[in-house]
Every structure is written in C-alpha cells, then in structure tokens.
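Report on the following structure.
Proteins get letters first, then strands, A, B, ... in listed order; numbering begins at 1 in each.
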Amino acid sequence: MGYFSNIYHGIRTLLTGMRVTGKYFLNARKGAITQQYPDNRDTLKMFERFRGEVVMPHDENNEHSCTGCQKCELACPNGSIEIIWDRVIDPETGKKKKAIDQHIYHFGMCTQCGLCVDACPSDAIKWAQNFENSVYDRTQLTRILNKPGSKVRAGVEE
Amino acid sequence: MNSISNIIDWFINTGVLNMALIALIYLTVFALLGLFLVLLERKVAAWFQLRIGPNRVGYLGLFQTIADALKLVSKELTGTVKADKFLYNLAPYFVIVTSLMALAVFPFTKDLQAFDINIGIFFLIAISSIGVIGILLGGWSSNNKFALIGAMRSGVQTVSYELSVGLSLLTMVILTGSLQLSEIIEVQKSGWLIVQGHIPAIIAFMIYMIAGTAETNRAPFDMVEAESELGAGYHTEYSGMKFAYFFLAEFINMFIIAAIATTIFFGGWLSPFGITESLPWMGLFWFLVKTFVLVFLMMWFRWTFPRLRVDQLLTLEWKYLLPINLVNLVLMAVIVWLNLTIQI
Amino acid sequence: METAVLNSTTVKKSNFKSEEYFINMGPQHPATHGVLRLLLTIDGEIIKKVEPDLGYIHRSIEKMSESNSYQQIVHLTDRLDYLSSHINNEAVCLCVENALELEVPERVKVIRTILGELTRIASHTLWWGVMGMDVGALTTYFYGFRDREMINDIFEETCGARLTMNYNIPGGLMQDIHPNFVKRVKEFIPHFRSKLPEYDRLLTGNIIFQKRTKGVGVLSREDAINFGASGPVARASGYSCDVRKYHPYSALDKVNFTEALDTAGDSFARYKVRIAEMWESLNIIEQLIDNIPEGDFKVATNAVIKLPKGDFYQKVETARGEFGVYIISTGNKNPYRVKFRSPGLSNLSLLNHIAVGGKIGDLVATMATIDIVVPDIDR
Amino acid sequence: MNNEALQQTILSWFPDPEFPQPQFTEEGSQFLNLSTEPEQLHELMHLLKNNPETHFDYLFCLTGVDYGKELGVVYHLESTVHRHIMVVKVQTADRENPILDSVQDLWATANFHEREVFDFFGIKFKNHPNLKRLFLTDEWEGYPLRKDYVDETNMVVK
C-alpha cells in the first residue's frame with residue numbers, strides 16, 4: 001500500500017503548496033509589496049537616521065559650527081574628507097584661531113560608515129536623507145561642504 | 001495575359017489562395033495570442049508573488065509584450081562561431097512551425113475549424129512530438145555544453161512523457177470511439193467526457209495535465225531550461241528573434257495542451273448545460289474560457305512547485321504515471337463495455 | 001592514463017563507454033550566488049569532481065585592516081558576510097573590548113544580541129527565498145524578501161543603513177536605539193510567527209522539494225569536524241557547535257534557547273536546522289525585547305585605541321557559522337595582523353566531498369543549503 | 001582539561017631534554033599558547049589530534065603571519081570532546097624558501113587554508129597535494145600580505 005499512500009501524500013502536499021500561493025493570488029490587490037519607485041517619490045520618506053550623504057548645516061547667518069579640528073578627517077577610513085584650514089585672527093579676542101577654508105567631501109569614496117559624524121565634537125556635520133546620488137561625472141561627487149563666505153558660529157569651541 | 005489569368009484561376013479554383021489566407025490569419029492571431037499569453041504569465045506570476053507585474057506600457061501594461069517583441073525583432077542575431085550554422089538556424093523554425101501546425105485542427109466553434117481530419121487526436125500527438133527535434137537540434141548545434149545537457153534532457157523527457165499523453169488521450173478515445181475532433185465534441189453533447197467517463201476520465205485528466213506540463217517543458221518539469229542549473233539550457237546561445245521563436249513556441253504549446261484538454265475532457269466549444277446553444281459564436285467564448293482556466297492551472301503549478309531532478313522525472317513517469325495509465329485504460333474499457341458511463 | 005584505466009573498468013561492468021568532460025559553472029551563473037567559479041568534471045549528469053576557483057572579488061580586507069585603526073576595521077567587516085554584517089561588527093568590537101578589558105553596559109549587550117538575532121533571521125529568510133529559487137520554486141524568493149524587508153526597516157530606522165550597518169563601535173553602539181525600535185520588533189515577532197508555518201506549507205512539506213533534498217549531499221559528523229564546518233552545516237550533521245552555547249558573548253548567557261540539531265546531514269537536514277534557528281531566534285528576541293535595561297549606550301574610549309601587545313581571538317556565531325577575529329597587536333594604534341576566520345571558506349571546502357556522485361541538480365541544492373556568501377570567502 | 005593540565009600532558013610527550021621542547025608562551029593570554037619548531041610540527045600536531053587526552057580534532061583557524069624577520073603560521077585548535085582550545089605557533093626564519101609541514105592529512109580543512117597562506121605569504125607546505133594559489137591568479141608576483149610587499153600601482157599607503 002506504500003505505493004498508493006505515496007501518491008496520496010504527494011498530491012496532498014502539492015495541493016497544500018498551491019493553497020498558499022492561491023491565497024496570495026486572490027489577495028493580489030491589497031497584498032502587493034511592490035514599491036513603484038519613481039512614482040512614489042512624494043510619499044517616500046527615509047528614516048531620520050538614514051545615511052545618505054554628509055552635509056554641513058548652515059544657519060540663516062551663513063554660519064556653521066565646524067572649527068576645523070580635523071577629527072572627522074582622522075576618523076574617516078577611506079580618506080574621503082579633506083579639510084583645508086588656516087589660522088586667522090579672531091576679531092573679538094585678537095588671538096589666532098584655526099578656521100576652515102574648505103571642507104572637502106569626496107562622496108565617491110564614502111562608504112557611509114558614520115564614523116565622521118560620530119567623531120565630530122561640535123555636531124557640525126550630519127547625515128542628509130537624500131538617496132538619489134547618481135551623476136554622470138564623478139567630479140560632481142567631490143563636494144565642498146561649507147558654503148562660500150560662511151564662517152564658524154560664535155561660541156563653538158573645540 | 002491569358003496565362004496569368006489562368007494561373008490566378010488555378011489558384012482560386014484549387015483553393016490554394018484560400019488556404020494561404022487562412023494560414024496568414026491563423027499566423028497573425030496566434031502570434032498575438034502567444035504574446036498575450038506571455039503577458040498573462042507575467043501578470044499571474046506577479047499576483048502569486050505579491051507584485052504588480054508589468055504596468056508601464058499601455059493601460060495596465062497591456063502592450064508590454066508588444067514592446068518586448070519589437071525589441072527582440074530589432075536585436076542583433078548573435079551566435080557561436082563553432083556552431084553548426086545550418087542546424088542552428090533551422091532549429092527555431094522547427095519549434096515554432098510545429099506548434100503552429102497543431103493549431104490547425106482545433107474546432108474553436110462548430111464552424112470555425114481550419115482542418116477537420118478524421119485522425120485529429122493522432123495528428124496532434126504526432127505533431128507535438130516533432131517540436132522536440134527542434135529543441136534537440138538547437139541545443140546540440142549551438143556547441144555549448146549547457147545547451148547540450150539541456151537538449152539531452154529534453155529528449156529524455158519528451159520520449160517518456162509522450163507515452164503518458166498518448167495513453168491518457170487513448171483512454172478517452174475508447175469512450176468517444178472516434179479520433180476526429182469534431183465528432184468527439186458531438187459525443188459530448190450528452191455530457192462532457194470528464195463527466196461521462198467519471199473516475200477513469202478524472203484520472204486520465206490528471207495524468208494528462210502532468211504529462212502535458214512536462215511536454216511543454218514548463219516548471220516543475222523545466223529540466224530543459226533549468227535556470228538555476230543550466231543558465232538557460234538549450235537556448236543559451238540564441239538571441240533576438242530566434243530566441244523569441246523558442247519563447248513564443250513554449251507559450252503556444254501551453255495553449256495547445258490546454259486546448260486539447262478542453263476539447264477532449266471539457267466539451268470544447270459546448271457551453272455548460274447548453275445555456276448558449278442558440279448563439280453558435282458563443283462557442284469561441286466558452287472554448288477560450290475553458291482553455292484559459294487550464295492555462296492558469298499550469299501557471300499555478302509553475303509558480304508554486306520546485307523543479308524535479310532529471311532522474312526523478314523518469315521515476316515519476318515510469319513508476320507512477322505509466323502503470324496507472326495502463327490500469328486506467330483497462331478500467332475505462334470495462335466501464336464502456338458494461339455501459340457504466342454517465343449520460344445526461 | 002587514469003581515464004583509460006577508469007574506462008576499462010566501467011566497460012567491463014556496463015559495456016557502455018562514457019566520457020568525462022569539464023564544464024564551467026560560474027563566475028556568472030544563477031546558482032553560485034555571486035562570483036564563484038566551480039570547475040566541474042562531469043560524466044553525463046553525474047558529478048565527478050568539483051573544484052572551486054576563488055578570488056574574483058578579493059579585496060584584501062585583512063591587508064587593509066593593517067593600516068586602519070580599530071574603529072575603522074569594524075566597518076570593513078560589513079563587507080565580508082554582508083548578510084550578517086551586524087554580527088561581524090560585533091565580533092571585532094568584542095575582540096577589541098576584551099583586549100582592553102573594557103566592560104560595556106548591560107544595555108549595549110542586550111541591544112547587540114537582539115540586533116544579532118534579527119540579522120540571523122534576515123539572513124535566513126533571504127536564504128530560504130534563494131533556496132526555493134535554486135530548486136525551481138521562484139515564488140519563495142518574494143515571500144522571503146517580504147519578511148526580510150520588515151527587519152531591514154527596523155535596521156534602517158535604528159542604524160541608518162539596511163545592510164552595511166556599522167552600528168557597533170568598540171565600547172558600545174554608535175547611537176541609542178530609536179524610540180520606535182521596541183514597538184517595531186514587537187510587531188515583527190507575531191507577524192513572522194504567522195508566516196513561518198506558511199514557509200513550511202509552501203516548501204518544506206512539498207514532496208518535490210523533499211525528494212530534491214533528502215539524501216542529497218550527505219555530510220557525516222566526522223567529516224563536518226574534519227573539514228572545519230560550522231554553523232547550520234555542521235549542526236545538521238549532528239556536531240553541536242553553536243558558539244552562542246559554548247562561548248556565549250553579549251547577553252546570550254542570559255537567555256534560554258535550544259541549539260537546532262539534526263543527525264541526517266543531508267540538504268534537508270540543513271534546511272530544517274535553519275528553519276528551527278529562525279524559531280529559536282524569535283524566542284531569544286522575545287526574552288530580551290521587554291527587558292532592555294536602562295543605561296548608557298556606550299562607554300567612552302580613547303579617540304585612538306591602542307591594544308596591549310599580544311594576540312586576541314574572538315569567535316561569534318553568524319548566520320553561516322563560526323566567525324572568528326584574530327588580532328595580533330604590537331601595541332600600536334593599528335593592528336599588526338588581522339585574520340578573519342570566515343565560515344564560508346571552510347564550508348565551501350567540503351563541497352567537493354559531498355557533491356561528488358550527485359547530479360547537477362543535486363549540486364545546486366547542496367550549494368544552496370551550504371549557503372555561501374562569496375565576499376565572506378574572498379576576503 | 002584546564003590549561004595547566006594540558007601543559008603538563010604535552011610536556012610529558014617530550015621527556016628528552018636534548019630534544020627541542022615546545023615552548024609555552026604568553027601565559028596571561030586567552031588561550032594556551034604553544035610554540036614549536038618546524039621539524040617538530042607534524043609530530044606534535046599528530047599527537048595533539050590523536051591523543052585521547054587532548055583530542056584536538058577541530059582546526060578552526062589557520063593564520064599566516066609575517067613577524068618581520070620570520071614567517072609563521074598560527075593554528076587554533078579545539079577539541080569537540082573536551083571543548084578546550086589551544087593555539088600552536090610555528091615560525092621559520094627562511095624568508096626566501098620557507099617550508100613547513102602540511103597538516104592537511106590531519107585536518108581536511110587545512111587544505112584550503114594552507115593554500116590561502118601559500119597564496120599570501122609564500123609559505124610552502126610539504127606534502128600538500130594541491131599547493132597552488134587560492135585567490136590570486138597563478139601569474140601573480142610576490143606575496144601580498146607580507147610586510148615587505150610593495151605594489152606601487154595598486155596599493156595606496158595612507
């Protein structure tokens with residue numbers, strides 16, 4: 001009888017499998033998990049911690065809080081951050097102080113590990129949530145994070 | 001002038017023109033049907049898999065496969081240098097021509113039948129097994145080891161499953177007493193054969209569907225392509241339109257297997273309980289409805305089951321399907337002899 | 001000469017001449033899960049020899065680590081076995097913390113364990129989907145990914161990335177968990193509990209699937225040990241080797257779970273062990289998720305970490321098996337030598353042993369249950 | 001078996017003081033460390049594996065190391081019966097033609113790992129059946145994980 005019980009058992013397991021897929025077929029409309037990506041741009045919201053790219057927020061006075069301490073540059077495993085800095089005389093105290101000229105970010109080399117943001121003592125850089133980063137020319141991936149003419153916010157110390 | 005009109009007369013009188021026209025119409029309709037089946041397969045697969053499926057080209061993606069076909073037509077035909085060129089080029093036509101030929105004998109309605117021969121079922125079985133020669137040729141001549149393995153598997157598979165298809169249809173022929181498809185449908189006016197033949201007919205239908213799926217080389221019997229094992233199997237080296245012929249043939253074959261089942265088991269164009277008997281053209285509707293339900297069943301198999309291994313394929317055929325089929329044949333004969341059929 | 005001898009013996013037996021031939025499976029092949037190349041020697045459909053050819057994506061992470069600081073090494077391990085990246089990160093962090101004799105807060109331990117088990121489930125759901133696809137049932141792929149997406153969302157919300165998370169740092173975690181974390185995990189557990197039986201109905205019980213996997217690629221316990229197998233591959237052969245049991249790390253010594261074991265050693269046993277592991281991981285998460293202790297999410301370390309002189313080894317259980325980090329330090333801020341003991345390389349080395357004599361289809365099923373991730377092998 | 005007992009057992013195998021003794025080093029470290037000479041390696045490994053008291057049948061890590069002057073291999077062994085772990089280290093000072101005994105006849109897993117060590121450190125293993133490069137191409141020159149390896153085109157030194 002093993003022969004026939006094999007057949008019965010086989011057909012039963014096959015029908016069990018077909019019931020699972022059949023159930024999804026009948027609920028196809030509401031069950032679809034497809035993300036229709038370029039169409040749902042408006043509703044697609046990344047989580048606030050999502051690591052898109054490193055940005056340096058500036059306030060309304062075009063001031064940032066980067067002191068040029070270079071901790072992010074040291075923390076980066078891939079050398080994707082370069083800081084060009086100079087010592088300038090602080091007009092208030094009259095002392096020489098480190099200030100950044102350019103905070104260069106090579107996005108093409110970045111692996112989004114988050115060590116630079118973690119290392120920053122003054123929260124000058126943070127993660128942006130954009131994710132559409134493809135460009136035609138990789139020179140466009142080299143970004144200067146501080147805006148032209150910006151300066152460090154008063155009171156931010158190393 | 002006289003000679004030209006003579007030739008034209010000859011064409012009209014002998015019916016060659018008629019035949020050519022009918023062939024052209026069939027070709028167009030079934031090429032489109034093949035494309036539609038591809039779309040259906042993709043949609044059905046998507047619905048089984050929590051996806052949406054093609055929805056970009058045209059309303060609900062209805063023109064997706066037309067666009068695909070245009071793309072395939074415009075593609076470059078590549079091939080291997082060391083291929084046997086003649087056979088390599090011949091193979092796709094073998095496959096597509098045989099599957100289109102099989103369509104000629106189906107009675108879609110009472111009057112819509114291109115070719116009503118008195119050995120209809122025999123013709124269908126014979127034609128459908130020629131297609132495999134195309135697959136064998138394609139796999140062997142493209143000089144690729146994966147393709148060769150695929151082709152050899154297809155040979156093994158078709159040789160064995162031909163038997164089951166033939167025997168399960170033969171079982172039904174005992175019931176009808178005729179090989180002619182139009183007569184088989186006439187017989188079913190007193191109940192579809194699957195009802196008339198009850199138990200042996202249902203067994204024959206199940207075996208037919210299993211073997212038929214294997215005949216079309218579709219999952220769970222897609223040993224020939226076996227994507228995860230052989231890459232693309234026998235059509236690895238084909239591109240463009242030649243690949244499309246293989247692809248289209250697979251879908252038309254699927255339609256043919258479903259259409260045979262419809263004709264033999266489910267009364268062809270007959271409506272259920274004769275509800276639309278007064279409207280003969282509704283026959284086409286019923287024929288297509290029944291056929292597509294069976295096509296859907298085959299798609300359901302494909303998107304649910306894993307693939308068999310090549311030796312298990314043979315075990316299934318020779319140890320299970322064939323003995324059951326032979327017993328079933330005797331059972332059917334006994335039932336017909338004792339007149340135990342159900343007549344409505 | 002060898003083939004001639006072989007032929008003469010087979011001729012006597014079967015009077016049928018057969019010829020062996022080579023076939024290249026990969027590096028571009030659907031079943032090799034990445035860029036792995038297998039040189040197969042085949043007789044008809046029967047496999048006579050499998051020789052893996054590796055190195056197509058070798059990035060020399062061990063050499064790179066020698067010029068990176070310890071914090072920076074962590075993010076490189078994301079790129080080894082990318083499906084258990086969190087556990088790999090944890091291994092490096094634990095190794096560094098042990099060397100520094102640094103005690104991390106309880107909260108960190110518990111969170112690491114929860115995330116590790118979520119990673120294991122995510123990896124196994126992907127494996128389940130791909131396993132089905134390898135044996136020809138394509139629908140499983142999407143069902144597996146559906147459930148994996150939920151875990152990836154949890155990761156993304158808390159860690160900021162879906163795959164290469166780099167959430168662990170030596171001394172703790174990069175950020176505290178997201179406020180929604182506990183809620184989402186609690187939503188996930190009942191959801192996945194309801195989906196796992198569906199996995200069984202669709203694939204495990206299926207007669208074709210069982211025929212394809214039972215008795216295929218049988219690995220004995222002795223061979224599993226001899227070939228250095230670990231993880232579900234070894235446990236399916238009856239070798240109890242769960243690092244979580246024998247060398248518990250993080251909060252794993254506080255939870256109760258049973259190690260999934262089987263004795264058959266075939267592909268189906270490996271399959272069942274992984275399914276059982278998903279259930280166990282759910283149990284572990286459930287025990288911990290309500291009791292995440294309050295406290296800091298990291299302890300302060302020096303910006304430049306210098307390990308004491310010596311060598312340090314830490315093993316953890318990733319989704320694929322035993323992952324080890326071996327650091328030789330000379331007291332500098334960079335390690336002198338780092339070795340990553342990847343489970344994949346040992347597990348792949350036994351492929352030739354268990355695949356010979358099977359068919360091409362068997363090889364594919366065996367490969368799927370060994371569950372290799374090629375970047376893990378090509379470090 | 002704890003580390004002291006292991007140490008006693010292993011020392012008792014080498015009673016002859018004339019013969020080079022295996023050295024136990026770094027007692028404070030995590031596992032028991034044992035240094036041995038290349039000539040002794042295979043014999044020691046054979047004893048470690050087959051002696052029922054030690055029964056180290058699971059080789060879970062095989063690491064090649066370039067110590068600067070010497071090239072060495074580190075074996076991490078575990079017993080599946082006693083569940084104890086120990087580390088065996090072996091070094092050879094010959095950098096041009098370093099030869100060590102293969103242990104792949106004792107542990108099959110060593111086959112691939114020794115090929116990896118050969119690939120990256122150039123240590124040749126005697127009696128290895130298939131000693132060829134595992135990851136790199138056969139025509140690769142040099143052994144990349146050695147400390148003195150230079151590749152000016154492909155390597156960026158920070």
First locate atom [atom1] of [X], then atom [atom2] of [Y], and finally report the distance between them rounded to the nearest 0.5 Å.
X        : Y        : atom1 : atom2 : value
D:Thr109 : C:Asn347 : OG1   : CG    : 9.0 Å
D:Trp107 : C:Ile225 : CH2   : CD1   : 13.0 Å
D:His113 : C:Ser349 : NE2   : OG    : 7.5 Å
D:Arg115 : C:Leu345 : CZ    : CG    : 9.5 Å
D:Thr63  : C:Ile328 : OG1   : CD1   : 7.0 Å
C:Leu350 : D:Asn111 : CG    : CG    : 11.5 Å

Establish, yes or no, whether the cationic atom of C:Lys63 lies under 6.0 Å from the six-membered ring centre of D:Tyr149 and within 45° of the ring axis. no
Between D:Phe60 and C:Arg341, is there a cation-pi geometry (under 6.0 Å to ring centre, at most 45° from the normal)? no
Under a 3.5 Å distance rule, please check whether [X] uses its side chain to pair with a backbone N or O of [Y] as donor and acceptor.
X        : Y       : value
C:Arg337 : D:Asp66 : no
C:Lys339 : D:Cys61 : no
C:Tyr313 : D:Val87 : no

In this structure, are over 12 heavy atoms from other groups packed under 6.0 Å from [X] atom [atom1]?
X        : atom1 : answer
D:Lys126 : NZ    : no
D:Lys124 : NZ    : yes
D:Lys49  : NZ    : yes

Which answer fits [X], side chain, backbone, both or neither, if we ask what part of it has an atom under 4.5 Å from a heavy atom of chain C?
X        : result
D:Glu116 : side chain
D:Asp57  : both
D:Leu62  : backbone
D:Asp119 : neither

Would you call C:Glu51 and D:Lys132 a salt bridge, taking side-chain N to carboxylate O under 4.0 Å as the test?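 So C:Glu51 pairs with D:Lys132 through a salt bridge.
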Salt-bridge present (C:Asp311, D:Lys89; N to O < 4.0 Å):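 Looking at D:Lys89 together with C:Asp311, the answer is yes, because their closest N to O distance falls below 4.0 Å.
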D:Phe120 and C:His58 aromatic ring geometry - parallel, tilted or perpendicular at 30°/60° bounds: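 If you compare the ring of C:His58 with that of D:Phe120, the planes turn out tilted.
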Given that the side chain runs from C-beta out, which part of [X] has a heavy atom under 4.5 Å from chain D: side chain, backbone, both or neither?
X        : result
C:Phe227 : both
C:Ser342 : neither
C:Ser60  : side chain
C:Ala229 : backbone
C:His353 : neither
C:Glu222 : neither

Just so I know, are the side chains of D:Phe112 and C:Leu54 near enough to count as touching, which here means a heavy-atom distance under 4.5 Å? yes
Side chains of D:Lys147 and C:Glu66: closer than 4.5 Å at any heavy-atom pair? yes
C:Tyr336 and D:Tyr67: aromatic ring centres closer than 6.0 Å?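 That pair fails the under 6.0 Å test.
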Just to be sure I understand the criterion: a residue of residues 136-146 of chain D counts if one of its heavy atoms is under 4.5 Å from a heavy atom of chain C. Which ones qualify? D:Pro144, D:Leu145, D:Arg146
Tell me, out of C:Leu348, C:Asn98, C:Ile377, who's got the most heavy-atom pairs with chain D below 4.5 Å.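 If we count pairs closer than 4.5 Å to chain D, C:Ile377 comes out on top.
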